[in-house]
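Take a look at the structure set out below.
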Amino acid sequence: MIVVDSNVVAYLYLPGAFTKAAETLLERDPDWAAPILWRSEFRNILAGYLRRGSLTFAQAHALQIEAEGLLAGLEFEVDSLSVLELVRDSDCSAYDCEFVALAAKHGTRLATMDRKLLRAFPARTVALTAA
């Protein structure tokens, strides 16, 4: 199992510079996990595509359903104390620290391209392109 941030999920479903890396990660480790927060973050990414006219409503909805299927059974609550401790010890948002807290809870790493997270938590994160 590997924890992935919402952008990694987006890279998988929305073609771009890191799509191939996301596909490779999924082939190598198909058990992707995330805090429940990922759903709202992914919806927000899809909202941007909708507003720019890059996706239709039907396409956005289908991508949300497909992504939810990918992470089914591997979405987790994270405890507030763990998140707040990570916030205290870094300059990362509580949202981002949820993903790090989940990786720590499960003894795995967070795949991300977020430079701030990679710098703040090098023992718990891995760049998607290196995963």
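Below, each value reflects all heavy atoms present in this structure, side chains not excepted, and no hydrogens, waters or symmetry copies.
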Practice task
Please answer whether the main-chain N or O of Leu110 pairs with a side-chain N or O of Arg124 as donor and acceptor at a distance below 3.5 Å.
Solution key: no

Practice task
I would like to know whether Leu12 and Phe18 meet side-chain contact (heavy atoms from CB on, under 4.5 Å); could you show each step before the answer?
Solution key: CA-CA 8 Å; Leu12 183 66; Phe18 299 115; over 6 Å; no

Fill in the blank from the handout: Here the pair of heavy atoms bringing Glu41 nearest to Ser6 is OE1-OG, 2.7 Å

Problem - Value rounded to 0.5 Å, distance of CZ in Arg115 from CE in Met113 - result: 7.0 Å

Problem - Ring-face cation of Arg52 near Tyr49 (centre distance under 6.0 Å, axis angle within 45°) - result: yes

Problem - Leu25 vs Val4 side-chain heavy atoms within contact, under 4.5 Å - result: yes

Exercise for the section: Please confirm whether the backbone N or O of Val78 pairs with a side-chain atom of Lys105, one donor and one acceptor, at under 3.5 Å? Expected result: no

Handout entry: Distance, nearest 0.5 Å, that separates CD1 of Ile45 from CG of Leu50
Key = 12.5 Å

Exercise for the section: Measure the SG-CZ distance between Cys92 and Phe99 for me, rounded to the nearest 0.5 Å. Expected result: 12.5 Å

Exercise for the section: Inspect the surroundings of NE2 in His61 and state if more than 12 heavy atoms from other residues, nucleotides or ligands are less than 6.0 Å away. Expected result: no

Exercise for the section: Group every Ile, Leu, Val, Met, Phe, Trp and Tyr by side-chain heavy-atom contacts under 4.5 Å, then state whether Tyr95 and Leu46 land in the same group. Expected result: yes

Handout entry: Heavy-atom pair of closest approach, residues Arg39 and Gln64
Key = O-NE2, 3.9 Å

Problem - side-chain contact (heavy atoms from CB on, under 4.5 Å) between Asp96 and Lys116, intermediate numbers included - result: CA-CA 10 Å; Asp96 288 341; Lys116 188 185 263 188; 5.6 Å; no

Exercise for the section: Look at the side-chain heavy atoms of Ile, Leu, Val, Met, Phe, Trp and Tyr, link any pair under 4.5 Å apart, and say whether Leu26 and Met1 land in one connected group. Expected result: yes

Handout entry: Closest non-hydrogen atom pair, Val9 against Ala67
Key = CG1-CB, 3.9 Å

Handout entry: Evaluation steps, side-chain contact (heavy atoms from CB on, under 4.5 Å), between Val126 and Ile2
Key = CA-CA 10 Å; Val126 61; Ile2 191 162; 4.3 Å; yes

Practice task
Indicate, with yes or no, if Leu74 and Tyr11 share a hydrophobic cluster defined by side-chain heavy-atom contacts under 4.5 Å among Ile, Leu, Val, Met, Phe, Trp and Tyr.
Solution key: yes

Practice task
Give a yes or no on whether Glu85 atom CD has more than 12 heavy-atom contacts from other residues, nucleotides or ligands under 6.0 Å away.
Solution key: yes

Fill in the blank from the handout: Nearest heavy-atom contact between Trp38 and Glu68 is CH2-N, 3.7 Å

Handout entry: CZ-OH distance between Phe42 and Tyr13, expressed to the nearest 0.5 angstrom
Key = 7.0 Å

Practice task
Hey, could you give me the CG/CZ distance between Leu71 and Phe76, rounded to the nearest 0.5 Å?
Solution key: 10.0 Å

Handout entry: Chi angles and distances behind the side-chain contact (heavy atoms from CB on, under 4.5 Å) call for Thr125, Asp114
Key = CA-CA 10 Å; Thr125 58; Asp114 186 310; over 6 Å; no

Handout entry: Test item: Gln59 side-chain N/O and Thr56 main-chain N/O as donor-acceptor pair under 3.5 Å
Key = yes

Exercise for the section: State whether the side chain of Ser90 and the backbone N or O of Ala120 hold a donor-acceptor pair below 3.5 Å, judged by distance alone. Expected result: no

Problem - Side chain proximity check, Val3 to Thr112, heavy atoms < 4.5 angstrom - result: no

Completion exercise
Output for pair (Leu117 CG, Cys97 SG), nearest 0.5 Å, gives 7.0 Å

Handout entry: Nearest non-hydrogen partners of Glu98 and Leu37, listed with the distance
Key = OE1-CB, 3.6 Å

Exercise for the section: Determine the minimum heavy-atom distance between Val83 and Ala94, stating which atoms define it. Expected result: CG1-O, 3.6 Å

